[in-house]
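Reading through the structure tokens given below for one structure.
To find a chain, count down the sequence lines: A is the first, B the second, and so on, and within it residues start at 1.
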4 protein chains.
Amino acid sequence: MSDAPVDFKEQMAEARRTQILLGAAQVFAQKGYHKATTKQIARAAGVSEGTIYNYFSTKRDLLFAMVDQIAFDSLRPIVAGDTAADPRDLLNALVRDRFSLGEKYGSLMAPLLAEIFNDVELRQALYDQLLRPITDHLESYVAARAASGEFRQIDPVVVVRGLMGALMLNFALKFSGVDSRYDDISLDSLREQIVALFLDGLQVK
Amino acid sequence: MSDAPVDFKEQMAEARRTQILLGAAQVFAQKGYHKATTKQIARAAGVSEGTIYNYFSTKRDLLFAMVDQIAFDSLRPIVAGDTAADPRDLLNALVRDRFSLGEKYGSLMAPLLAEIFNDVELRQALYDQLLRPITDHLESYVAARAASGEFRQIDPVVVVRGLMGALMLNFALKFSGVDSRYDDISLDSLREQIVALFLDGLQVK
Amino acid sequence: MSDAPVDFKEQMAEARRTQILLGAAQVFAQKGYHKATTKQIARAAGVSEGTIYNYFSTKRDLLFAMVDQIAFDSLRPIVAGDTAADPRDLLNALVRDRFSLGEKYGSLMAPLLAEIFNDVELRQALYDQLLRPITDHLESYVAARAASGEFRQIDPVVVVRGLMGALMLNFALKFSGVDSRYDDISLDSLREQIVALFLDGLQVK
Amino acid sequence: MSDAPVDFKEQMAEARRTQILLGAAQVFAQKGYHKATTKQIARAAGVSEGTIYNYFSTKRDLLFAMVDQIAFDSLRPIVAGDTAADPRDLLNALVRDRFSLGEKYGSLMAPLLAEIFNDVELRQALYDQLLRPITDHLESYVAARAASGEFRQIDPVVVVRGLMGALMLNFALKFSGVDSRYDDISLDSLREQIVALFLDGLQVK
DNA sequence: CATGAATGAGAATTCATTCAT
DNA sequence: CATGAATGAATTCTCATTCAT
């Protein structure tokens with residue numbers, strides 16, 4: 001009976017944090033980090049400016065909190081993945097699983113990505129907490145297949161980041177709308193084509 | 001008699017523009033776009049703040065001018081490329097050729113890329129003027145090879161942007177220093193591995 | 001039956017007031033009035049910020065309450081003082097007695113004195129409640145001795161405040177540490193020298 | 001002819017500095033340092049807020065600049081002072097000479113004095129640049145007279161600061177208006193009484 | 001055209017005070 | 001009464017841009 005109020009307070013505080021974070025994400029996504037003012041964030045989050053600073057000590061802190069938030073959500077176990085399954089299906093499943101986070105947090109990702117270039121710490125945090133967890137798993141898989149002779153002997157680090165880069169640039173171009181040719185290509189189709197490309201290569205044997 | 005001085009004046013003006021742009025590039029590269037002040041740019045360029053505004057109407061204009069500048073430099077004909085040559089050699093040559101621009105303007109790219117997320121026009125300009133010229137050429141090549149049956153039937157748009165993304169993310173990670181495992185991989189090695197990956201795929205046939 | 005609890009409540013309330021005042025004194029002494037935040041005061045006093053406002057209507061009120069508190073403490077009868085005693089001993093005793101308050105509340109005096117310049121009411125309160133009680137007594141003594149022909153005919157108001165000023169500046173300089181020459185002079189020595197100076201003057205007769 | 005504009009600019013800049021400093025002094029004197037806003041200072045100085053920061057890097061800097069300003073003005077040689085003259089006349093002359101600065105810069109002094117308690121650096125600056133220059137001279141005089149046997153053997157440091165303290169507290173009380181008995185005492189009279197007190201002491205020999 | 005002093009519209013952040021629980 | 005989360009006005013300082021010289 002004595003925990004209850006504490007618990008309740010903690011829940012309220014957690015809810016407020018989330019509420020503010022969502023407001024910030026919204027404004028950041030719309031205006032970018034720098035043009036987003038704390039006043040706008042407060043309005044979007046439905047709190048006063050002062051309240052933001054009861055939960056985050058700095059505007060920049062909001063960015064880092066977003067990384068934490070997404071990373072926390074990413075902790076759920078990666079889709080099991082029967083390593084005996086067809087590599088094409090497995091890779092597709094893995095990629096779809098991990099990029100689903102990207103879809104869920106898409107509006108959070110854009111402002112984060114933008115600030116990657118301006119902030120070393122944020123860059124490292126994003127890499128360590130978001131990209132690494134994804135790539136580590138894929139690397140193991142690639143390394144294992146290479147060991148068993150199914151995959152070529154290429155540095156798994158480079159391969160996996162190549163796959164990520166290929167996916168990310170294509171996805172980014174699709175979403176940015178800078179190239180109309182992407183309008184008719186679905187995300188699923190993009191993913192499948194890229195996975196196929198990485199497995200089979202361009203050249204016909 | 002009236003042309004000469006005008007011409008001279010124009011040359012002077014052009015030189016000033018370049019001078020200012022170089023100063024801006026220097027400061028942008030060091031501090032990023034937002035933290036770069038016009039005062040710092042003026043100092044770096046060796047002119048007064050006011051002078052900047054005689055050549056550029058806005059701080060943001062400097063970014064666009066940089067894109068133009070790089071694009072102008074990129075216009076030199078792409079390395080000829082004997083289409084009969086081995087695809088591996090050709091792709092390597094093409095990629096090396098185009099990414100050499102990246103080396104020249106590398107320090108400029110970071111602040112430019114960061115601002116992509118904040119400005120739709122800049123995004124489009126960068127895509128149209130910098131990425132498209134590179135990819136169009138590669139696309140033609142991939143399409144031609146696909147038509148001749150040497151390459152698989154995969155959308156060249158996706159393939160080429162996949163290659164670009166794979167290269168860019170790997171290069172970016174190498175330069176950002178967030179993953180020490182890149183310390184021992186040379187740029188050339190990275191490029192060759194990725195080109196090989198795209199040509200042959202992961203799977204052993 | 002109704003008195004007792006009321007009395008008890010009043011005592012509780014008084015205790016709380018003191019508790020808060022002590023917390024405030026601590027923080028004021030450490031950070032000065034302006035840099036002290038109500039949050040810090042609350043923490044130092046072991047109460048919540050809100051509770052402060054149940055006992056004091058304003059942060060500035062804490063200052064006035066301190067003056068009252070010190071003044072209340074000062075009300076204890078001034079050391080009797082055998083007026084027949086040697087003036088040197090008597091003055092020394094009086095000064096030591098009154099300045100002992102300064103030692104007790106020394107750390108509170110600095111922030112209080114600082115705010116003298118910012119608030120007319122506080123200035124008046126400090127003068128009326130703290131300085132006047134001390135000086136009035138000394139003035140009577142000086143006036144009596146002047147009447148009896150032992151002391152010169154100088155305005156006791158000026159004399160006594162001169163003595164106070166001489167003591168205060170010397171004490172302040174000793175404590176502030178701005179002049180290392182004070183390091184080797186004890187408080188007692190300072191007091192004795194100044195009392196002697198006031199009694200005998202500089203000139204050798 | 002080429003210096004002229006530079007000189008002119010420098011003069012303009014110096015004038016602006018003074019203009020801002022005067023505005024600041026005015027507002028500080030009226031509201032105290034903390035309650036004075038940069039907006040008010042700008043208005044009082046007849047410039048924009050931004051301009052203040054072209055001449056002073058910080059609001060606090062204005063305080064230190066005031067010390068410098070007064071100190072610079074104080075550098076004029078102390079009134080010659082015929083050491084053979086009657087000590088009473090000489091001390092009166094010296095004190096009047098130095099305290100005339102206080103009158104001239106009275107409105108500048110009050111806010112400075114207030115902040116003495118809050119800022120260690122300011123305290124030291126005020127002591128070193130304003131009080132020391134005055135007291136050093138008086139100390140030499142007192143020490144010389146003591147050496148010649150005319151003055152008693154009392155620490156000149158304590159004596160001179162005692163004199164300063166006696167004068168300052170009396171002056172301060174006169175100006176603050178907290179004690180109506182000061183209304184009928186002129187500054188000159190105050191000074192003379194205090195000088196006499198220090199020379200002759202209270203006791204009739 | 002070059003200059004750089006002046007501008008003033010913001011922006012992030014703080015903190016005394018309130019008030020629902 | 002106690003609490004402490006919420007408030008939002010107020011503040012210092014920055015910096016892109018202008019414009020008189």
Side-chain angles (χ1 to χ4, degrees), chain A residues 5 8-9 12-13 15-17 20 34-43 45-62, chain B residues 9 12-13 16 20 33-43 45-62, chain C residues 9 12-13 16 20 34-43 45-62, chain D residues 5 8-9 12-13 15-16 20 34-43 45-62:
Chain A
F8 177 71
K9 271 196 178 178
M12 284 297 294
R16 267 281 196 281
R17 262 186 70 91
I20 292 169
H34 283 282
K35 287 192 189 161
T37 70
T38 51
K39 191 183 287 274
Q40 290 165 338
I41 294 169
R43 180 181 303 273
V47 299
S48 71
E49 274 189 271
T51 297
I52 296 175
Y53 288 88
N54 285 338
Y55 294 87
F56 303 92
S57 58
T58 263
K59 185 185 168 193
R60 183 147 288 255
D61 249 33
L62 291 166
Chain B
K9 272 191 179 178
M12 285 295 294
R16 264 281 201 282
I20 293 169
Y33 174 75
H34 276 100
K35 287 187 188 163
T37 70
T38 51
K39 191 183 285 271
Q40 291 166 337
I41 294 171
R43 180 183 301 273
V47 299
S48 72
E49 278 189 270
T51 299
I52 295 174
Y53 287 87
N54 284 335
Y55 295 88
F56 303 92
S57 59
T58 245
K59 185 186 168 192
R60 185 148 283 260
D61 255 29
L62 291 166
Chain C
K9 272 190 179 178
M12 284 296 294
R16 264 282 200 280
I20 293 169
H34 276 100
K35 287 187 187 163
T37 69
T38 50
K39 189 183 288 273
Q40 291 167 337
I41 293 171
R43 180 182 301 274
V47 300
S48 72
E49 278 189 88
T51 298
I52 295 175
Y53 286 86
N54 284 333
Y55 294 87
F56 303 92
S57 59
T58 246
K59 185 185 167 192
R60 185 149 285 260
D61 254 29
L62 291 166
Chain D
F8 177 70
K9 271 193 177 180
M12 284 296 294
R16 266 282 197 282
I20 293 168
H34 282 281
K35 286 190 189 163
T37 69
T38 51
K39 191 182 286 275
Q40 290 166 338
I41 294 170
R43 181 180 302 272
V47 299
S48 72
E49 274 190 271
T51 297
I52 295 175
Y53 289 88
N54 285 338
Y55 293 86
F56 303 92
S57 57
T58 263
K59 186 186 167 192
R60 184 147 286 254
D61 249 35
L62 291 166

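Chain A approaches DNA chain E over the interval E:dA11 to E:dT14, counting the first and last nucleotide 5' to 3' with an atom under 4.0 Å from its heavy atoms.
Across the strands present, F:dC1 finds no partner; the criterion is a Watson-Crick or G-U wobble pair with both atom distances under 3.5 angstrom. Figure legend. E:dG8 is base-paired to F:dC15; pairs are counted as Watson-Crick or G-U wobble with both atom distances under 3.5 Å. The partner of E:dT14, taking Watson-Crick or G-U wobble pairs whose two distances both stay under 3.5 Å, is F:dA9.
Between C:Gln40 and C:Lys35, the closest heavy-atom pair is OE1-O, 3.5 Å. Scanning all heavy atoms of the two residues, the minimum distance from A:Ile41 to A:Ile52 falls at CG2-CD1, 3.9 Å. Of all heavy-atom pairs spanning A:Ser48 and A:Ala42, the tightest one is C-CB, 3.7 Å. B:Arg60 approaches B:Thr58 most closely through the heavy-atom pair N-CG2, 2.9 Å. Heavy atoms only, all atoms of each residue included: C:Lys39 and C:Glu49 are closest at N-OE1, 3.6 Å. Minimum interatomic distance between B:Lys59 and B:Ala36 (heavy atoms only, all atoms of both residues): NZ-O, 2.7 Å.
Among the atoms of the strands shown, only primed sugar atoms or phosphate atoms (P, OP1, OP2) are found under 4.0 Å from some heavy atom of C:Tyr55. Residue-level contact check: A:Thr37 touches the backbone only, with heavy atoms under 4.0 Å from sugar-phosphate atoms and none from bases.
The residue among B:Ser57 and A:Met12 whose nearest nucleotide of DNA chain F is located toward the 5' end is A:Met12. Each of C:Arg60 and A:Ala36 lies near DNA chain E, and the nucleotide nearest A:Ala36 is the one positioned closer to the 5' end.
Expressed to the nearest 0.5 Å, how far CZ of A:Arg17 lies from CG of A:Leu62 amounts to 9.0 Å.
Nucleotide F:dA10 holds its C1' atom 11 Å from the CD atom of D:Gln40, rounded to whole Å. Separating the NZ atom of C:Lys35 from the P atom of F:dT11 is a distance of 17 Å, rounded to the nearest angstrom.
Of the residues in residues 46-54 of chain B, those lying under 4.0 Å from DNA chain F by heavy-atom distance are B:Glu49, B:Tyr53.
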(request) Give the C-alpha distance, both sets of side-chain angles, the deciding distance and a yes or no for side chain to side chain contact (heavy atoms under 4.5 Å, CB included) between A:Thr38 and A:Tyr53. (result) CA-CA 10 Å; A:Thr38 51; A:Tyr53 288 88; 3.4 Å; yes
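Contacts of B:His34 classified as side chain to side chain donor-acceptor pair (under 3.5 Å), with partners at least two apart in sequence or in another chain: B:Glu115.
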